[in-house]
Amino acid sequence: MDTKESYAVVTGASQGLGKAFAENLAKKNINVILVSLPDQNLKELSGNLKTITI
């Protein structure tokens, strides 16, 4: 699979299973589009996901 062209939409990404899915996908170098309710620290999570490596 060419992960450079792969995208995944993760809803509820700021906590629980959504956050776990987002982290797992980021570890596999799959681009993620994060969706969450307002004021759920989504910006902080996206910054953390940028630093995840395999």
Side-chain angles (χ1 to χ4, degrees):
M1 172 192 266
D2 182 14
T3 58
K4 222 174 196 186
E5 297 297 323
S6 298
Y7 289 83
V9 177
V10 180
T11 60
S14 61
Q15 54 189 327
L17 284 175
K19 184 176 181 180
F21 283 132
E23 290 169 344
N24 190 287
L25 291 164
K27 288 178 186 175
K28 294 179 180 182
N29 289 328
I30 297 175
N31 300 302
V32 290
I33 300 169
L34 306 174
V35 181
S36 181
L37 293 172
D39 301 322
Q40 296 292 313
N41 298 321
L42 195 59
K43 197 172 207 177
E44 180 182 332
L45 174 64
S46 67
N48 292 342
L49 293 180
K50 288 180 185 179
T51 63
I52 291 179
T53 57
I54 296 177

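Atom set for the values below is all heavy atoms of this structure, side chains included, hydrogens, waters and symmetry mates excluded.
Looking at every heavy atom in both residues, Asn31 comes nearest to Ser6 through ND2-O, 3.1 Å. Smallest separation of non-hydrogen atoms from Leu25 and Ala8: CD1-CB, 3.6 Å.
Note that OG of Ser46 and CD1 of Ile33 are 13.0 Å apart. Values are rounded to the nearest 0.5 Å. The CG atom of Asn24 sits 14.0 Å away from the NZ atom of Lys19 when rounded to the nearest 0.5 Å.
Val35 places a side-chain heavy atom less than 4.5 Å from the side chain of Val9. Counting heavy atoms from C-beta outward, Leu49 and Leu34 have side chains that approach closer than 4.5 Å.
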Determine whether Leu42 and Ser36 satisfy the following criterion, side-chain contact (heavy atoms from CB on, under 4.5 Å), listing intermediate values before the conclusion.
CA-CA 7 Å; Leu42 195 59; Ser36 181; 3.9 Å; yes
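Here Glu23 pairs with nothing under the side chain to side chain donor-acceptor pair (under 3.5 Å) rule; sequence neighbours left out.
The same ILVMFWY cluster, assembled from side-chain heavy atoms under 4.5 Å apart, contains both Ile52 and Val10.
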